[in-house]
Peer 1: 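Below you will find the structure I want to go over with you.
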Amino acid sequence: NNYYVAINNFLDHPLFGTGIGSHYYAHDRYRLFSKKLWWIDLNKDDANSLFNRLISETGLFGIMLYSLLLIRYNIKKSREDNTNKWIISNAILVLLLINIVRQGHYVAYGFPAFILMYYYLYKS
């Protein structure tokens, strides 16, 4: 249901979405099931995954920005003495990928801190 809502909201507003926090309202507009089924509303705040929420709320701009962050600031393994940085960077990358698949909140479990660590690890 959340994926259906996110895709329909994305199709109506493809470039920039409808704004941060708006998936809650889009859920009432595009839902598949009636309001009599109380369990359908359990994850309407967070869209059940960050991907659904980014598609719905930020559109292509948000998905491209998130993808650019993951690709641009990834530390490549080289022959230099950056093995520890590479291991930590890939561990954070896995957490960020898990977040986009399953976690629907922008700040749950230190998500912004992991993004900052990923960025500053690349810059160091």
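Any value given below was found using the heavy atoms of this structure, including those in side chains, with hydrogens, waters and symmetry copies removed.
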Peer 1: When you measure from the side chain of Y4 to the backbone N and O of L32, does any donor-acceptor pair fall under 3.5 Å?
Peer 2: no
Peer 1: Under a 4.5 Å side-chain heavy-atom rule over Ile, Leu, Val, Met, Phe, Trp and Tyr, are Y3 and V101 clustered together?
Peer 2: yes
Peer 1: Determine whether Q103 and Y109 make a side-chain contact, defined as any pair of heavy atoms from C-beta on separated by less than 4.5 Å.
Peer 2: yes
Peer 1: Test your reading of the model: is there a side-chain donor-acceptor pair from E57 to the backbone of G21, 3.5 Å cut-off?
Peer 2: yes
Peer 1: Less than 4.5 Å apart, side chain to side chain, heavy atoms only: is that true for L121 and Y73?
Peer 2: no
Peer 1: Taking Y106 as the starting point, is it possible to reach V5 by hopping between hydrophobic residues whose side chains are less than 4.5 Å apart?
Peer 2: no
Peer 1: Applying side chain to side chain contact (heavy atoms under 4.5 Å, CB included), can you list everything that pairs with F51, at least two apart in sequence or on another chain?
Peer 2: S49, I55, I63, I100
Peer 1: Look at the aromatic rings of F61 and F16 and report parallel, tilted or perpendicular, splitting at 30° and 60°.
Peer 2: tilted
Peer 1: Output yes when a side-chain donor or acceptor of R53 lies under 3.5 Å from a complementary backbone atom of H23, and no otherwise.
Peer 2: no
Peer 1: Looking at K123 and Y118, would you say the former's side chain and the latter's main chain have a donor-acceptor pair under 3.5 Å?
Peer 2: no
Peer 1: Determine yes or no for a side-chain-to-main-chain donor-acceptor pair under 3.5 angstrom, with N9 supplying the side chain and S56 the backbone.
Peer 2: yes
Peer 1: Hey, does L50 have a side-chain heavy atom less than 4.5 Å from the side chain of F111?
Peer 2: yes
